[in-house]
Engineer: 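One structure coming up, written as structure tokens, with questions to follow.
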Amino acid sequence: AGRKPGNVEIIRMIHLDHFLVLAKKANEQRWLPGHAQWLDGLERERGNLYEALRWASNHGQKRKFLELVGSLWLFWSIRGPLVEGRVWLELAVKTLESIGGNEEYALAINILIGASELARIQGDTELAIEWKHRIMEICHRSGEQRWLSAVLHDLAIIYADREECERSLAFAEEAVT
């Protein structure tokens with residue numbers, strides 16, 4: 001016999017759902033002509049988005065929290081601040097680990113891609129590499145080839161930037177086979 005949610009909790013859930021839908025719609029528009037307007041909308045709602053993230057992470061709404069973070073990582077990479085995005089993404093990675101979320105392949109891959117990209121942008125290549133290898137493991141388990149090729153390509157670029165040419169070439173060759 002679970003307890004029934006009170007009015008405040010119901011309102012918070014509606015708030016979370018509203019901003020999850022908004023973030024997902026904005027994310028679906030990436031690389032399309034109107035994406036800047038969607039990013040502007042997220043920018044205007046930044047405080048509400050953060051409140052939804054905080055509430056979801058603290059009130060057992062783990063899946064919705066992960067979906068919201070996963071829908072916002074590109075926003076953070078474009079509009080910043082990167083540090084805030086990384087904090088939320090690192091919390092999402094820990095949340096995934098706590099629920100065994102690596103079995104939810106699409107969600108786990110999206111979170112780890114975001115976390116690895118923001119880490120890479122900020123120069124934390126070791127962590128980016130670690131998370132990209134975790135994505136590769138999930139892709140191998142799930143048979144998800146689309147993301148596997150992208151991650152292999154990313155690793156090839158990272159190793160080329162580090163002047164580790166043999167490793168870079170190996171990842172590049174694997175990405176195109």
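Since the structure is predicted, the reported quantities are computational estimates derived from the model, not experimental observations.
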Engineer: How far apart are the closest heavy atoms of Ser77 and Leu118, and which atoms are they?
Structural biologist: CB-CD1, 3.7 Å
Engineer: As an exercise, state the distance from CG of Leu42 to CZ of Phe19, rounded to the nearest 0.5 Å.
Structural biologist: 9.5 Å
Engineer: Stepwise, does the salt bridge (Lys or Arg N to Asp or Glu O under 4.0 Å) test hold for Arg86 with Glu117?
Structural biologist: CA-CA 9 Å; Arg86 281 192 68 187; Glu117 283 305 296; over 6 Å; no
Engineer: Provide the closest heavy-atom pair for Leu68 versus Ala52 in the form atom of the first, atom of the second, distance.
Structural biologist: CD2-CB, 3.9 Å
Engineer: If we count only N and O atoms by modelled type, under 3.5 Å, do the side chains of Arg54 and Tyr50 hold a donor and an acceptor together?
Structural biologist: no
Engineer: Any side-chain heavy atom of Trp131 within less than 4.5 Å of one from Glu90?
Structural biologist: yes
Engineer: For Asn7, I'd like to know if atom CG has over 12 heavy atoms of other residues, nucleotides or ligands within 6.0 Å.
Structural biologist: no
Engineer: What I'd like to find out is whether the side chain of Ser98 reaches to under 4.5 Å of the side chain of Lys62, using heavy atoms alone.
Structural biologist: yes
Engineer: With a 4.0 Å cut-off on N to O distance, would you call Arg134 and Glu97 a salt bridge?
Structural biologist: yes
Engineer: If you apply the rule side chain to side chain donor-acceptor pair (under 3.5 Å), what do you find for Asn48 with Glu51, and how did you get there?
Structural biologist: CA-CA 5 Å; Asn48 279 314; Glu51 189 57 37; over 6 Å; no
Engineer: Measure the CD1-CZ distance between Ile157 and Arg120 for me, rounded to the nearest 0.5 Å.
Structural biologist: 7.5 Å
Engineer: Any side-chain heavy atom of Leu53 sitting closer than 4.5 Å to one from Leu72?
Structural biologist: yes
Engineer: For residues 143-156, pull every pair meeting side-chain hydrogen bond (donor to acceptor under 3.5 Å, both in side chains), keeping only residues two or more places apart or in separate chains.
Structural biologist: Lys132-Asp154
Engineer: Determine, for Arg79 against Asp40, whether the closest basic-nitrogen to carboxylate-oxygen distance falls under 4.0 angstrom.
Structural biologist: yes
Engineer: In residues 23-33, what donor-acceptor pairs under 3.5 Å come from side-chain atoms, sequence neighbours left out?
Structural biologist:
unit_1: Lys24; atom_1: NZ; unit_2: Glu67; atom_2: OE1; d: 3.0
unit_1: Asn27; atom_1: OD1; unit_2: Arg30; atom_2: NH1; d: 3.4

Engineer: After noting the C-alpha distance and the side-chain angles of Leu155 and Arg167, does the key distance pass the side-chain contact (heavy atoms from CB on, under 4.5 Å) rule?
Structural biologist: CA-CA 9 Å; Leu155 286 167; Arg167 288 180 100 173; over 6 Å; no
Engineer: Answer yes or no: does atom CD of Gln37 have more than 12 heavy-atom neighbours from other residues, nucleotides or ligands under 6.0 Å?
Structural biologist: yes
Engineer: Locate the shortest heavy-atom distance separating Ala92 from Phe65; write the atom from each residue and the value.
Structural biologist: CA-CE2, 3.8 Å
Engineer: May I ask you to decide if the ring planes of His59 and Trp55 are parallel, tilted or perpendicular, using 30° and 60° as cut-offs?
Structural biologist: parallel
Engineer: Applying a strict under-4.5 Å side-chain criterion to I, L, V, M, F, W and Y, I'd like to know whether Leu169 and Leu152 cluster together.
Structural biologist: no
Engineer: Look up atom CG in Leu74 and atom CD1 in Ile113, then write down how far apart they are to the nearest 0.5 Å.
Structural biologist: 11.5 Å
Engineer: For residues Asp17 and Lys64, determine if any side-chain heavy atom of one lies less than 4.5 Å from a side-chain heavy atom of the other.
Structural biologist: yes
Engineer: Taking all non-hydrogen atoms of both residues, which atom of Trp76 and which atom of Gly85 are closest, and how far apart?
Structural biologist: CD2-CA, 3.4 Å
Engineer: Checking Ser168 side chain against Ala156 main chain: does a donor-acceptor pair fall under 3.5 Å?
Structural biologist: yes
Engineer: What are the two closest non-hydrogen atoms of Ile109 and Cys139, and how far apart are they?
Structural biologist: CD1-SG, 3.9 Å
Engineer: So Phe171 and Tyr159, would you call those rings parallel, tilted or perpendicular, with 30° and 60° as cut-offs?
Structural biologist: parallel
Engineer: Same cluster or not: Leu66 versus Val87, using hydrophobic residues (I, L, V, M, F, W, Y) connected whenever any side-chain heavy atoms lie under 4.5 Å apart?
Structural biologist: no
Engineer: Kindly compute the distance separating OG (Ser71) from CG (Leu20), expressed to the nearest 0.5 Å.
Structural biologist: 6.0 Å
Engineer: Under 4.5 Å between any side-chain heavy atoms of Arg162 and Ile158, yes or no?
Structural biologist: yes
Engineer: Do you know the tightest heavy-atom contact between Ala128 and Ser116?
Structural biologist: CB-O, 3.4 Å
Engineer: Are Trp73 and Val21 linked, directly or through other ILVMFWY residues, by side chains that come within less than 4.5 angstrom of each other?
Structural biologist: no
Engineer: Is any side-chain heavy atom of Trp38 closer than 4.5 Å to a side-chain heavy atom of Phe75?
Structural biologist: no
Engineer: Out of curiosity, Thr95 OG1 to Ile111 CD1, how far, rounded to the nearest 0.5 Å?
Structural biologist: 8.5 Å
Engineer: Hey, could you give me the CG/CG distance between Leu22 and Leu49, rounded to the nearest 0.5 Å?
Structural biologist: 6.5 Å
